[in-house]
Engineer: 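Below: one structure in structure tokens.
Note that these values count all heavy atoms, side chains included, but never hydrogens, waters or copies made by symmetry. Keep in mind it's a predicted model, so treat the numbers as computed, not measured. As the structure lists them, so they are numbered: ligands from 1, and atoms in each ligand from 1.
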Amino acid sequence: MGCLCSKGLVLDEDGVTQRARSLNHLVSLSKKDEVVATIINVALSGSHGNSRFLSKSQDNADTSSSSSSSDEDGKKDVTAFDSTREIGAHQRRATVDVGAHRDGSGVICVPNNIEDDLGIVDVPDGIAGEHAAAGWPSWLATVAGEAISGWLPRKGDSFEKLDKIGEGTYSNVFRARDLETGKIVALKKVRFVNMDPESVRFMAREIHILRKLDHPNVIKLEGIVTSRMSGNLYLVFEYMEHDLAGLLARSGLRFTEPQVKCYMKQLLEGLAHCHGRGVLHRDIKGSNLLIDNNGILRIADFGLATFFNPEQSQQLTSRVVTLWYRPPELLLGATEYGASVDLWSSGCILAELLAGKPIMPGRTEVEQLHKIFKLCGSPSEEYWEREKLPHATIFKPQHQYRRCLAETFKDFPPSALSLLDLLLAIEPEKRGTAVSALESEFFLTKPFACDPSNLPKYPPSKEYDAKLQDEARRRRAEVTNGRGCESVRPGRREFKAMPAPDANIDLQKLQVQANPKSISHKYNPQDETGLEATARNGFSHSGMHPNAVGPSWTRKRNQEQLRQMPSRTYSSVRVSNGPQLKTQMSYRPQPGVADFSDISGSLAARNTANSTHNRLAEPAARHALDRPSTHKKDDSLGGKDPTTGYGTRIRRIHYSGPLMPPGGNIEDMLKEHEKQIQQAVRKSRIDKVKTNF
Ligand SMILES: Nc1ncnc2c1ncn2[C@@H]1O[C@H](COP(=O)(O)OP(=O)(O)OP(=O)(O)O)[C@@H](O)[C@H]1O
């Protein structure tokens with residue numbers, strides 16, 4: 001919804017131009033816009049002139065009222081007024097870096113106090129006034145002063161939205177045309193909840209970090225589009241056609257050694273740049289590694305990134321990094337760490353590129369750690385003694401696991417295996433650095449990395465595309481199965497009873513039991529510990545290409561589940577736990593929701609079938625445990641963690657954290673875990689049957 005402009009295009013609520021679907025549509029929009037514009041004009045008259053200098057509370061009130069009338073994607077119209085006004089004035093301005101706060105050398109000084117350097121400190125009125133005068137909405141200028149410093153905002157009407165190309169926890173991503181340059185860009189629309197300053201601060205940090213980075217293998221933030229009225233914000237990025245997860249999910253696609261080297265080289269070069277500038281990414285995974293048609297890889301999604309100082313110990317949250325790529329020390333609750341966390345994730349990517357599938361697809365934190373120990377060996381006694389990690393007593397396995405990387409990946413080239421051995425070291429300090437990895441034998445011996453321009457050209461391949469394709473397939477299957485009448489909300493019935501994908505629950509079993517016909521995948525009980533199954537049968541899920549099955553099935557399934565999750569609230573946190581799943585939500589008991597709070601504080605509850613939402617039960621006490629006061633500084637900044645997130649769209653149920661009571665052990669825990677899941681599934685099925693009658 002939005003304003004009309006020339007060329008038969010429509011401006012949406014942010015003034016971003018969209019193609020009109022029909023003349024009728026145009027007419028109705030036009031009338032509504034008129035009305036809306038009039039209403040808002042009346043509402044704002046009197047505060048204009050100085051209206052851009054609204055106090056925070058006014059601003060919040062305004063924006064929240066506008067957002068309350070917005071649908072999921074903010075497709076309502078309160079900002080029509082804004083757009084109309086802007087079209088009238090039609091002052092297109094590029095987001096310009098006027099250099100006011102640029103570092104001379106380009107190298108950042110890592111601050112002692114992170115908060116000071118995050119642009120999250122409220123800026124003095126004078127500076128906020130300057131920002132407002134530059135055209136920034138006051139809500140943004142007030143909270144994210146430093147992040148936007150020296151830039152001018154772009155206007156929505158200087159972009160034409162083309163199509164949706166991605167969906168993240170905190171954003172929808174659109175392909176769009178920059179009408180000033182004709183260039184195709186990606187617009188990442190950030191979701192906020194009621195303009196909560198805390199949410200804006202997280203976004204501010206992402207912008208701030210992105211602006212500190214400047215490297216061919218790091219995504220470039222090209223500008224920011226603001227809508228003063230709606231509070232919507234778009235980050236403008238160069239457009240990238242693929243992501244590594246999407247490429248890996250392409251059936252039958254296997255990379256050659258020079259290709260793997262090419263991708264890994266770019267990843268490590270990008271990481272070396274980030275680490276050199278004091279930035280930890282903390283969410284390296286395939287879907288965050290974007291690739292363009294020239295084979296250039298860029299690290300994207302700095303939503304969980306943070307500044308760090310290798311010279312100084314600082315408390316950071318352990319609740320970051322998507323589960324499959326999360327290093328053991330974070331699973332064990334470490335709060336002092338550095339670049340080594342990204343190196344572990346890079347090791348997982350290296351093995352995934354060579355194996356054609358994720359190597360440690362854990363479904364719960366317990367299982368993830370178990371998989372790690374089984375592959376990489378469990379830590380020595382000295383390690384446990386020395387590190388004194390918060391969850392060590394909980395997670396310490398009863399018997400020692402032997403490291404078996406070499407046996408498991410005996411087909412990998414020896415130089416790749418040596419590098420993998422380093423990157424997947426249990427002890428973080430043994431992982432080396434991105435720079436040392438680039439100097440390893442893997443890159444210095446033949447066959448060398450190919451040139452990015454020599455990489456094959458693929459049709460656009462994103463994890464999101466894979467999800468859409470899978471959805472279409474499922475819809476077709478529904479029609480075939482005579483359930484076409486439900487296609488108004490495709491997939492809804494199936495997903496309603498699904499667990500949150502990153503909840504600590506056995507998704508595969510649930511899926512099969514909830515809807516045995518819906519997928520070709522069969523749960524293999526042997527696969528309980530994943531890696532053994534990998535070595536033994538290569539993820540031999542039925543009906544899928546052996547190379548594609550690990551990544552594609554799980555990703556698609558999880559993404560679908562995620563999409564179907566009910567809206568998340570402001571208290572959500574973005575904490576990785578599952579490949580696409582990074583959100584954690586404080587537990588609020590709901591009627592009809594299975595309560596797993598007695599299961600070692602660990603298990604996800606699958607909702608009963610007649611309930612609208614899936615929820616994860618989490619005991620309140622656990623919640624407190626998850627947010628010790630020592631985390632406060634970084635938690636409030638890092639990882640969109642414990643109490644905030646960018647925005648609310650889907651209420652998801654996620655749980656991330658230590659899963660066992662003291663005194664347990666992993667094996668018992670896994671067994672208990674399974675038992676409880678089975679019970680929940682049975683209960684849910686019974687409830688569902690009852691409901692259907
Ligand atoms: N510059 C870009 N060009 C093309 N596609 C992009 C671009 N940036 C992001 N995307 C797509 O949008 C998806 C979501 O973007 P991003 O990861 O930045 O958002 P997010 O809300 O932080 O998501 P997540 O929950 O996965 O962390 C990406 O996986 C990618 O497929």
Engineer: Taking the minimum heavy-atom distance to atom 28 (C) of ligand 1, which of G303, A300, S287 ranks first?
Structural biologist: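 Result: the heavy atom closest to atom 28 (C) of ligand 1 is in S287.
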Engineer: Taking only heavy atoms of L290, which atoms of ligand 1 are found under 4.0 Å from at least one of them?
Structural biologist: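 Going through ligand 1 atom by atom, the ones under 4.0 Å from L290 are 1 (N), 2 (C), 6 (C), 7 (C), 8 (N), 30 (C).
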Engineer: Counting from 1, what ligand 1 atoms have a heavy atom of F237 closer than 4.0 Å?
Structural biologist: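 That gives atoms 1 (N) of ligand 1.
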Engineer: How does K188 reach ligand 1, if at all, at less than 4.0 Å between non-hydrogen atoms: by side chain, backbone, both, or neither?
Structural biologist: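 Side chain only; the backbone of K188 stays clear of ligand 1.
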Engineer: Check each atom of ligand 1 against the heavy atoms of I165 and keep those under 4.0 Å away; list them by number with element.
Structural biologist: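 Going through ligand 1 atom by atom, the ones under 4.0 Å from I165 are 4 (C), 5 (N).
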Engineer: What residues, two or more places apart in sequence or in another chain, satisfy salt bridge (Lys or Arg N to Asp or Glu O under 4.0 Å) together with D292?
Structural biologist: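 D292 satisfies salt bridge (Lys or Arg N to Asp or Glu O under 4.0 Å) with R298 once adjacent residues are dropped.
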Engineer: Under a 4.0 Å heavy-atom limit, does S171 contact ligand 1 with its side chain, its backbone, both, or neither?
Structural biologist: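 Near ligand 1, S171 shows its backbone as well as its side chain.
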Engineer: Does E241 pair with R175 as a salt bridge, N-O distance under 4.0 Å?
Structural biologist: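 Answer for the salt bridge query: no.
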Engineer: Quick one: does E238 get an N or O within less than 3.5 Å of an N or O on ligand 1?
Structural biologist: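 Among all N and O atoms of E238, at least one is under 3.5 Å from an N or O of ligand 1.
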Engineer: Identify, by atom number and element, the atoms of ligand 1 in contact range of N288, meaning under 4.0 Å from any of its heavy atoms.
Structural biologist: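 That gives atoms 17 (O) of ligand 1.
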Engineer: With a distance cut-off below 6.0 Å to the six-membered ring centre and an angular limit of 45° from the axis, does R211 pair with W151 as a cation-pi contact?
Structural biologist: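 Yes; both conditions hold, so R211 lies above the ring face of W151.
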Engineer: What distance separates I299 CD1 from D342 CG, expressed to the nearest 0.5 Å?
Structural biologist: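 Taking CD1 in I299 and CG in D342, the distance rounds to 8.0 Å.
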Engineer: Which heavy-atom pair separates N217 from L297 by the least distance, and what is that distance?
Structural biologist: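 Scanning both residues completely, I find the closest heavy atoms to be ND2-O, 2.9 Å.
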Engineer: Just jot down the ring-ring contact (aromatic ring centres under 6.0 Å, His included) partners of F237, sequence neighbours excluded, or say none.
Structural biologist: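 In terms of ring-ring contact (aromatic ring centres under 6.0 Å, His included), with neighbours along the sequence ignored, F237 is linked to no residue.
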Engineer: For ligand 1, which atoms have a heavy atom of D243 less than 4.0 angstrom away?
Structural biologist: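 Numbered from 1, ligand 1 contributes 31 (O).
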Engineer: Taking D283 for the side chain and F302 for the main chain, is one N or O donor matched with an acceptor at less than 3.5 Å?
Structural biologist: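 It does not hold such a pair.
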Engineer: For ligand 1, which atoms, with element, lie under 4.0 Å from some heavy atom of I219?
Structural biologist: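 Matching atoms, with element in brackets: 1 (N).
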